[in-house]
Amino acid sequence: MGEVIVITSGKGGVGKTTTTANLGVGLAMKNKNVVLIDADIGLRNLDVVMGLENRIVYDLVDVVEGNCRTKQALIRDKRHDNLFLLPAAQTRDKNAVSPEQMQKLCEELKQEFDFILVDCPAGIEQGFRNAIAGADQAVIVTTPEVSAVRDADRIIGLLEAAEIKLSRLLINRLRPDMVKRGDMMDIDDIVEILAIELIGVIPDDEKIIISTNRGEPVVTNNNSLAGQAYRNVVQRLLGETVSFLDLHQHHSFFSRLKRLIGFGG
Amino acid sequence: MNLRALLNILTGRQDSKDVAKERLRLVLVHDRASVSPEFLDKIKEEMIQVISKYMDIDEKQTQIKMHRSEGTAVLEANLAIKSIRRNV
């Protein structure tokens, strides 16, 4: 029986889709059978982040409306045979799917896959309710900004009300240099305010943008600190205990290394 | 870190992250209280229960509200006392 995990945030643009893609690829690298559902109907994006935009035939709405079998709509990943994407419909809106339909779909996919990751749209309306309908647990993505943390707090309340049994926090785009200067809330500040278990901290890393440009999630990149951070989150999802990266040390280590080989600090 | 803290004390400046944290804390008090309309009603009900052990409260004239005052969130309760019980 698989586990359904919704990736959500409330606020837009904090990295839900990037996180869904990276955790999905990371779990597939651990030989798990994984399916990613893009629940952002009307604003399809997970396909381009995964580099699978040219392979779409059917989508989520086709599946719930019975225009095709579920299997037909699943797109196999380019590199991982055990990873699939169920894309969102681009020409419909959030009301094209109901929470009951999502729940049924998740139940069906749980029979065959180890993990079903649902990429939730921003906001707290119908799209959010659809995305969490079949979820067993949630990963809440936030960035160290007042607006994102505030929205995360609201989402945590809504997930509690929906009786999602496990919600954990992922802090994205942390900049250790700014934390050091006292110009960015640190991990402890955010965890204290939201009073929720932490599942990972992803440092701000330009390699994420570079890898998204290519449609290859950064989790496969062994030279990226963000990639390493995502791999650690994957291990925690699998129930392993992994200590959190010391981002300050890594930062100075990499800048020292760069200086040493002549790329400037 | 320590040097910065010292500089902040000397110049009376506050790190922007501390400003962010304080603002968040306040805004969340309000968000959480206003999200559920029953929240204040429940506090009111339980408060009356506790205080009724010691005095008679006029429930109709009891008001409870939340507001912001000089950088903190304040819970303000106005309870009208009918009578106080005699100490035994």
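Each chain gets a letter, A, B and so on, in the order its sequence line appears, and its residues count up from 1.
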Subject >> Contact origin within M184(A) toward chain B - heavy atom pairs under 4.5 Å >> reply: backbone
Is [X] atom [atom1] crowded by more than 12 heavy atoms from other residues, nucleotides or ligands, each under 6.0 Å away?
{"X": "Y54(B)", "atom1": "OH", "result": "no"}
{"X": "I209(A)", "atom1": "CD1", "result": "no"}
{"X": "R181(A)", "atom1": "CZ", "result": "yes"}
{"X": "E76(B)", "atom1": "CD", "result": "yes"}
{"X": "E107(A)", "atom1": "CD", "result": "yes"}

**OP:** Apply the test side-chain contact (heavy atoms from CB on, under 4.5 Å) to residues V179(A) and K17(B): give CA-CA distance (whole Å), side-chain angles for both, the deciding distance (0.1 Å), then the verdict.
**Re:** CA-CA 8 Å; V179(A) 171; K17(B) 78 128 184 175; over 6 Å; no
Subject >> From CA spacing to verdict: side-chain contact (heavy atoms from CB on, under 4.5 Å), D31(B), R154(A) >> reply: CA-CA 8 Å; D31(B) 282 0; R154(A) 184 91 167 89; 5.8 Å; no
Working to the nearest 0.5 angstrom, can you tell me the gap between [X] [atom1] and [Y] [atom2]?
{"X": "D18(B)", "Y": "D189(A)", "atom1": "CG", "atom2": "CG", "answer": "7.0 Å"}
{"X": "M185(A)", "Y": "S16(B)", "atom1": "CE", "atom2": "OG", "answer": "9.5 Å"}
{"X": "I193(A)", "Y": "E22(B)", "atom1": "CD1", "atom2": "CD", "answer": "8.0 Å"}
{"X": "L24(B)", "Y": "I190(A)", "atom1": "CG", "atom2": "CD1", "answer": "8.5 Å"}

**OP:** Taking heavy atoms only and a threshold strictly under 4.5 Å, list by residue number the residues of residues 141-151 of chain A that touch chain B; give 'none' if the list is empty.
**Re:** V146(A), V149(A), R150(A)
Original post:
Would you say the side chain of E192(A) lies within less than 4.5 Å of the side chain of K21(B), judging by non-hydrogen atoms?
Top reply: yes
